[in-house]
Structures are given as C-alpha cells and as structure tokens.
Amino acid sequence: MPQRESQPILIVEDSEDDFEATIRAFKRANLKNPVQWAPSGQEALDMLATMETRPGLILLDLNMPGLDGRKTLEMIKSNPTWRKIPVVILTTSDDERDIEGCYALGANTYVQKPVDLDGLFAAIQRLKEYWFEIAILPLEG
C-alpha cells in the first residue's frame with residue numbers, strides 16, 4: 001500500500017452524525033486511508049500519544065465541550081513530535097477571530113463545514129485531492 005494511503009486520518013469531532021457523514025464522504029471520494037475518531041480534544045491527544053503510526057492528517061472541529069479545538073490545536077502544534085502533522089480545521093464557524101486564531105496557532109488549512117451533504121462530499125473530495133494527491137506529507141518520524 002502506498003505510504004499516503006497507509007497513513008491514518010484522525011478526525012476530532014464531537015458529533016457522531018458529523019463523523020458518520022465525513023466517513024461517507026471519504027468513501028465517496030475513494031479515500032482508502034484508515035480513519036480514527038476522537039470524539040473530544042482530550043481523546044485526540046491521548047490517541048496521538050499512543051498511536052503506532054502518526055496520522056497523515058488531522059481533521060479538527062473547533063467547537064467541542066471540554067478541551068475545544070483551539071486548545072487541542074495549540075497542544076498539537078506545541079508538541080515537537082506532532083507539530084509536523086497537517087491539521088485541517090473543519091468547522092461551522094466562519095468567525096474571523098476563529099480563522100485568524102487558528103492560523104496563528106499553526107493550522108494548515110481552515111475549511112467551513114458545508115451545511116448539506118453534497119457540499120460536504122465536494123469539500124472532502126477537494127481535501128483528498130490536495131492533501132493526498134498534490135501535497136507531499138512529512139514521513140513518519
């Protein structure tokens with residue numbers, strides 16, 4: 001299996017419905033990477049600390065109870081082991097403060113979650129094309 005397809009994708013999303021919709025979009029986009037789900041920021045950090053294979057990409061929701069996406073992003077990007085992992089913010093927020101703040105904390109991309117399923121499918125297709133066909137991701141290590 002090519003290295004790009006073997007790197008897991010970590011989805012940090014508190015809504016199970018949104019997670020399931022994202023998985024459906026991945027399948028439609030023919031994304032073959034294994035997917036792991038962390039329903040909270042704290043669970044994401046715990047998973048990162050114990051994962052055998054570092055994720056090739058993290059999709060991170062901002063508005064979650066407990067450790068929210070902003071703080072999770074800050075902790076990922078301040079950790080020398082994890083900071084090279086691309087983090088895509090995938091959230092409903094289009095607040096300029098969120099956008100500016102996430103880029104300041106080291107987010108690689110900020111995407112507003114489309115409200116309908118077709119929009120989500122199109123957005124995931126574009127993310128796949130960019131992150132897994134065009135961009136060269138850092139290797140493990």
Are any non-hydrogen side-chain atoms of T22 and V35 less than 4.5 angstrom apart?
no
Please enumerate all residues that pass ring pair (Phe, Tyr, Trp, His ring centres under 6.0 Å) together with F121, with sequence neighbours excluded.
none
All pairs passing side chain to side chain donor-acceptor pair (under 3.5 Å) where residues 96-106 contributes a residue, at least two apart:
R70-D98, S93-D98, D95-R97
Does atom CZ (R126) have a neighbourhood of more than 12 heavy atoms from anything else shown, all under 6.0 Å?
no
Between W131 and N33, does the side-chain contact (heavy atoms from CB on, under 4.5 Å) criterion hold? Intermediate values first, please.
CA-CA 12 Å; W131 287 106; N33 302 66; over 6 Å; no
Nearest heavy-atom approach of G106 to L73 is C-CD1, 4.5 Å
Non-hydrogen atoms of W82 and A49 that approach each other most closely:
CZ2-N, 3.6 Å
So do the side chains of I9 and F132 get within less than 4.5 Å of each other, counting heavy atoms only?
yes
With rounding to the nearest 0.5 angstrom, report the CD to OG1 distance, E43 to T72.
11.0 Å
Using modelled atom types only, decide if a donor and an acceptor are shared between the side chain of K128 and the backbone of A29 within a distance under 3.5 Å.
yes
Donor-acceptor contacts, no H, no angles, side chain residues 112-119, under 3.5 Å, sequence neighbours left out:
unit_1, atom_1, unit_2, atom_2, d
Q112, NE2, T92, O, 3.0
K113, NZ, E13, OE1, 2.7
K113, NZ, D18, OD2, 3.1
D116, OD1, G119, N, 3.0

K77 atom NZ, neighbour heavy-atom count above 12 within 6.0 Å:
yes
I85 vs L10, test: side-chain contact (heavy atoms from CB on, under 4.5 Å). Steps then yes/no.
CA-CA 10 Å; I85 303 170; L10 177 59; over 6 Å; no
How long is the straight-line distance from CZ of R54 back to NZ of K84, given to the nearest 0.5 Å?
5.5 Å
Any non-hydrogen side-chain atom of R24 less than 4.5 Å from a side-chain atom of E20?
yes
Take L48 and N79 through the side-chain contact (heavy atoms from CB on, under 4.5 Å) test and state the conclusion after the steps.
CA-CA 11 Å; L48 284 168; N79 181 309; over 6 Å; no
Test log, rule side-chain contact (heavy atoms from CB on, under 4.5 Å), inputs L59 and F26:
CA-CA 12 Å; L59 296 182; F26 279 0; 3.6 Å; yes
Just by modelled atom types, is the S40 backbone N or O under 3.5 Å from a matching donor or acceptor in the D14 side chain?
no
